[in-house]
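Below is one structure, written out as structure tokens, with a few remarks after it.
Chain letters run A, B, ... following the sequence lines, proteins first and then strands; every chain starts at 1.
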Amino acid sequence: MIMKSDLQAVLDQMRTEDRKTRIEPPTVDEMLAYRAGELSGDEEARVRELLICWPELLRALMTPYPDDDAETLPPEVVERQWTAMRSQIGASRGGRVLNFRNALTAIAATLAVVFGGLLWQAKMELLRPRALPQQILTSDVRRGGSDSVTTLDSRGEAYLLVPTLSDERTFERYHFEIVDAANPQRQVGSGDLPRPEGDDTLAVMVPRASLPPGRYKLILYGVNGERKEQLETYTVQVLRR
Amino acid sequence: MTKDERFEAIYRRHYARVWRYYRSCRVADDEAHDLAQDTFKRFYERIDLFRGQDEAVWPFLETIALNVFRNWLRAGKTAKRSANIVELDDPEFTYEPPAPEGPDYADREQAALRRGRLHQAIAELPKGQKDCLRLWMEGFTFEEIARSLRITLDAVKSRLRDARKALRERLGDQP
């Protein structure tokens, strides 16, 4: 005679033994495919074998979903569960992942403010009217051939050179050349200058990019008609920034 | 409708149904509530993936519920494997309660022998009969066994009849 308690004990033992070798139950996809009859013969046999070892899952898989019987639970129970759920999803909303997002957003916002500020500052700097510093040049003769030369102020995008004239004669116009001091054959720039009016000063504007660090000579000529006469030479230097 | 409002509507409409699903899987009342909550929490995390109408949410919820249930079963097994180690010096552990009244040693030995023979007899059954018998022992109805094993109802009855006969022949009237 087979006793029910014996059957139950043997069943428990068989389940325990099975699950020692079949630790992993089938995946949900496998289970759903099994139920839908979408598996091949071998796969179906394998999944069935696993499901027999996990009869709780087999029961869940084969249990038809109950009808929409929301009335079976008292409303206060559903309300209590909903309150608990709301606090849970509220906690998850403020959880680690979202905090991480918040932190990223905060960093991004800070960087945007900083870079925006820097950009604005740079723009304002560019828009600010600025007078180029005049570089008063003393001729080499006046300096008595001293080694000390005029160092050009590197602020701004251009140099405003103002050579002083010791020759009191006036010319129809003036001409200048800038050459490399170490290699006078290499001309860096040249141009004509109008006759000075009012304060009797000449001014030469040279883009800073035209004068890389080094030593240069500015040679000034007075021109009358076809006749061009060298008046002064000014040595200047540009230092590395 | 915001995500939270949509979720609340689905939750209120389907919570009891999910809870009943777990109850029909023979899960205890409290645990069925816990599993239903887990199911809806997962659903909330994936609600953006659900593109259908809210009335058609069941297949989506079912997949999640089955997954939650599967993980719960696995976790139960894991929990047993990773049970706390008890110190041998722990007085709670060494305390021996009075032995309850029950079968004496000879009775226990006889029961062990019976069960050993039954286990052996079941193990030697043809696979089809053994599967049917195991599910029947698990409390599945004939119809549920037929659906689960994808065989006919007559096949289930036939296999179970053959299995019982084989066991009776094997075990006879042995104690």
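The residues A:E30 and B:R70 are annotated as not salt-bridged, no charged nitrogen and carboxylate oxygen being separated by less than 4.0 angstrom.
The residue among B:R150, B:E144, B:M137 with the most heavy atom pairs within less than 4.5 Å of chain A is B:R150. Taking A:M14, A:Q8, A:R48 one by one and counting their heavy-atom pairs under 4.5 Å with chain B, the maximum is reached by A:M14. Ranked by non-hydrogen atom pairs under 4.5 Å with chain A, the options B:C25, B:S148, B:A65 are led by B:S148. Chain A forms more heavy-atom pairs under 4.5 Å with one residue of B:R134, B:K127, B:R23 than with any other, namely B:R134. Ranked by heavy-atom pairs shorter than 4.5 Å toward chain A, the options B:L149, B:N67, B:L135, B:D131 are led by B:L149.
Interface remark: B:F140 contributes backbone and side-chain atoms alike to the contact with chain A (heavy atom separation under 4.5 Å). Of the atoms belonging to A:R59, heavy atoms from both backbone and side chain fall under 4.5 Å from chain B. For A:L32, the part sitting under 4.5 Å from any heavy atom of chain B is the side chain, from C-beta outward, and nothing else. Heavy atoms of B:L61 lying under 4.5 Å from chain A belong exclusively to its backbone. If you measure heavy-atom distances from A:L51 to chain B, you find no contacts under 4.5 Å at all.
In this structure, A:E17 and B:H119 have side chains that are in contact, with non-hydrogen atoms separated by less than 4.5 Å. In this structure, the side chains of A:L58 and B:E138 stay at 4.5 Å or more apart for every pair of heavy atoms. Within the 4.5 Å cutoff, no side-chain heavy atoms of A:R35 are placed close to those of B:R147.
When all heavy atoms of B:F69 and A:L57 are compared, the closest pair comes out as CD2-CD2, 4.0 Å. What you find for B:L66 and A:A60 is that their closest heavy atoms are CD1-CB, 3.9 Å. Here the closest heavy-atom approach between residue B:L73 and residue A:W54 is recorded as CB-CZ3, 4.0 Å.
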Exercise. Test A:M85 against B:F7 for side chain to side chain contact (heavy atoms under 4.5 Å, CB included), laying out the working first.
Key: CA-CA 11 Å; A:M85 171 58 60; B:F7 174 69; 3.8 Å; yes

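A donor-acceptor contact shorter than 3.5 Å is absent between the side chain of B:Y15 and the backbone of A:E79. Counting only distance, with no hydrogens or angles, the side chain of A:Q81 and the backbone of B:Q37 share no donor-acceptor pair below 3.5 Å.
A distance of 7.5 Å separates CD of B:E62 from CG of A:L61, quoted to the nearest 0.5 Å. The line from CH2 of A:W82 to CD of B:E8 is 4.5 Å long, rounded to the nearest 0.5 Å.
In the displayed structure, A:D42 atom CG is contacted under 6.0 Å by at most 12 heavy atoms of other residues, nucleotides or ligands.
Exactly one of B:V68, B:I64, B:N71, B:T63 qualifies for a side-chain contact (heavy atoms from CB on, under 4.5 Å) with A:V28. That residue is B:T63.
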